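Only one structure is covered here, and it is reproduced in the block below.
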Amino acid sequence: MIVSMQDKGEALLSKCSKGFKSLVRRKQVDSVHVRREGHQLARKLTALDLTAIGVGTTIGAGVYVLVGTVAREHTGPALTVSFLIAGLAAALSAFCYAELASRCPSAGSAYHYAYICIGESVAWLIGWSLILEYTIGGAAIARGISPNIALFLGGEGNLPAFLVRHTIPQLGVVVDPCAAILVLIVTFLLCAGIKESSLVQTIVTTANVCAMLFIIVAGGYLACKTGWVGYELHGRFFPFGLNGMLAGSAIVFFSYIGFDAVTGAAEETKRPLRDLPLGIGMTLTLCCILYMLVSVVIVGLVPYYALNPDTPISSAFSANGMQWAAYIVTAGAVTALCASLMGSLLPQPRLLMAMARDGLLPAFFSDISTRTQVPVKSTVTTGMLAAVLAFFMDVSELSGMVSVGTLLAFTVVAISILILRYAPPEEVPLPSSLQQFIDSVRKQLDDDSQSMERKEFNDADIVEQRPSQSEYGEASIQYPLIEKQFCEEKQNPRRRRNIAIWNIALFCIGVLVLTSAASVEYLPSLVHFSLGAVGAAILLCSLVVLACLNQDEARHSFGHTGGFLCPFVPFLPAACILINSYLLMSLGVGTWIRVSIWLIMGALVYISYGWRHSSLTNAVYVPMAYLDHIYRASSSHQV
């Protein structure tokens, strides 16, 4: 009976160990060895196309309202500095995205990177969060277009009757037919092909940029005529102090969200190693310049305390006798929203396709059209869902949930950079169909290794017999401890790797403790200080250790080589993790409650379907050194 209980305990322990390993199992980087079955996405996008997608997704209509609210309540004339600081903070994430996009140019963006570097469970968490972000984000953008179209036409009375918002009395729901129709139009464009949809995106984004350039040029001309009255505040450039300026930076940071949409089209890029980092960099640079110039002009036209919080740009022009400029500003807002809508609906079908390829979602979502070479089924499904939400629901209260998905993705991407540099995956999964080749190569390499060991042993005997020929041989005879030290040095890479892994984990814990202490307001001051001090100490100590460690040599051969490399590792990814974690912790409790419900639903879906159908369920993990030999043996067998 005791033996039976021991057997049951061992079986239970084995199942738990197997279950935990399945949560952290990692996939292989898509490379020349990985051949996708079936039809592929069309590689037609250039760096210019990617920049148009990124700029269109990033510059939404929010900037047309945001400048007024932030300047009045937080920054004053220092709004430009807030945009600059927020742009630099966003650049930290952009650097991390650029390296991973060039190393792992595949659909799925942050989900794909997390699956390769961290593990399946974290990848599912990011993928499920991004599904929520894209769905709610697209619906919210579509609901914002119809009021701007009505404003452009002079009121809702000038809209066609079938486009006007109206209330269903029985349900008390305000439906928006215009928003739903716009989502369906964009869905049709995305199904037509990536080159066709990117052309439309380029045209709409160009119109939006032209509207912003009009604001900058015409507003700058008016400001020069009036003497830049907004800055005549007798030295009060920071009326709300440094804290106000930093608070404004935290708010306008979200206006830079969208550049990550560039990585969603990685498989459709002609030259991903060059064009993906270039597209990300150009997107962020253009957006930062445009934001800063618009803020300089608007705050200079009108004193910050006189800005209209709802229509700051139109009101600033009207105050200077250019009422007609409101039409151009409104047209810019409409085109900005349309471009953002296209940018929000573009990555989601490719994310679903990537998750379905990995077996975490049904294979239905991975089908690619033979004619247009886009995932039509995923695109139609996501478009219909977004159209229904845009028609029936006012999702403005859920807009905070969009930020959670983005900030989680930014944080995980930065962590992935640290793992890639200090502890890249040593083993890769291969399908069980290659088992015979794996066994053959493993046996061959083990035999070769044993032969080398025997040869080295014989050489060592020769050295011991002739100690005068080798300084180390003589030392090993006279001082046996030195030989032990040399053996330990051979094991240093493994020890260094373990130290790096533990310090990356400790750094994340320190960031979590520090940001929690900084963002939670109801704790006593002593607890605030104590938690903050502990978190800062853990953070700094682990960061110092990482900085002193050598990066893993295997990073040079990880994924596709020769692309962009993130600079200043580990400091740049560490700063990125800290900033995004603080912004995550600063979101409201209501937002986190709603996000938690969504994540619990995702966990149930993963346990009931994804975990059981994962493509890595029966995979065989082999060392990276075996990979080329196995594929070479497999290829020669097929020939």
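Note that the structure is a prediction, hence the values are computed from the model and not measured.
T330 and N148 are not linked by any side-chain donor-acceptor pair at a separation below 3.5 angstrom, with hydrogens and angles left out of the test. Side-chain polar atoms of T311 and S315 form a donor-acceptor pair below 3.5 angstrom. Side-chain contact check for E133 and T406: at least one donor-acceptor pair (N or O, by modelled atom type) lies under 3.5 Å. For the residue pair D260/T263, the side-chain donor-acceptor check at 3.5 Å is not satisfied.
T58 approaches G54 most closely through the heavy-atom pair OG1-O, 2.7 Å. T51 and L286 get closest at one heavy-atom pair: CG2-CD1, 3.9 Å. Contact between S416 and L100 at its shortest, heavy atoms only, is CB-CD1, 3.9 Å. Taking every heavy atom of both residues into account, G68 and L307 meet most closely at CA-CD1, 4.2 Å.
No donor-acceptor pair closer than 3.5 Å links the side chain of S146 to the backbone N or O of A142. In this structure a side-chain-to-backbone donor-acceptor pair under 3.5 Å is missing from H74 to G244. Side chain of W592 to main chain of L584: a donor-acceptor pair is present (N/O by atom type, distance under 3.5 Å, no hydrogens or angles). For the pair T335 (side chain) and A331 (backbone), a donor-acceptor distance under 3.5 Å is present. Under a 3.5 Å cut-off, the side chain of N320 and the backbone N or O of F317 do not form any donor-acceptor pair. Side-chain atoms of S255 come within 3.5 Å of backbone N or O of V252 as a donor-acceptor pair. For R72 (side chain) and Y305 (main-chain N/O), a donor-acceptor pair under 3.5 Å exists by modelled atom type.
Residues E268 and K195 are not paired through a salt bridge, judged by the lack of any N-O separation under 4.0 Å between the basic side chain and the carboxylate.
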Return a table of donor-acceptor pairs under 3.5 angstrom between the side chains of residues 76-95 and protein atoms on other chains or two or more places apart.
from: T80; atom 1: OG1; to: S295; atom 2: OG; distance (Å): 3.1
from: S82; atom 1: OG; to: M245; atom 2: O; distance (Å): 2.9
from: S93; atom 1: OG; to: N580; atom 2: ND2; distance (Å): 3.4

Using distance only, find each side-chain donor-acceptor pair of residues 209-226 under 3.5 Å and give its atom names and separation, not counting sequence neighbours.
from: T226; atom 1: OG1; to: L222; atom 2: O; distance (Å): 3.0
from: T226; atom 1: OG1; to: A223; atom 2: O; distance (Å): 3.3

Walk me through it: do V296 and Y231 pass the test side chain to side chain contact (heavy atoms under 4.5 Å, CB included)? CA-CA 10 Å; V296 165; Y231 293 106; 3.9 Å; yes

Check against side chain to side chain contact (heavy atoms under 4.5 Å, CB included), I181 and F162: CA-CA 10 Å; I181 292 172; F162 69 94; 4.1 Å; yes

L512 and S581: CA distance, side-chain angles, deciding distance, side chain to side chain contact (heavy atoms under 4.5 Å, CB included) verdict: CA-CA 7 Å; L512 183 62; S581 299; over 6 Å; no

Go through Y111 and L125 one step at a time and tell me if the side chain to side chain contact (heavy atoms under 4.5 Å, CB included) criterion holds. CA-CA 8 Å; Y111 157 80; L125 171 71; over 6 Å; no

Go through the steps to decide whether N208 and T205 satisfy the test side-chain hydrogen bond (donor to acceptor under 3.5 Å, both in side chains), and finish with yes or no. CA-CA 5 Å; N208 179 27; T205 301; over 6 Å; no

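For F237 and Y304, the distance between ring centers is not under 6.0 angstrom.
Between W598 and W128, the ring planes lie parallel to each other; the angle is under 30°, not in the 30° to 60° tilted range.
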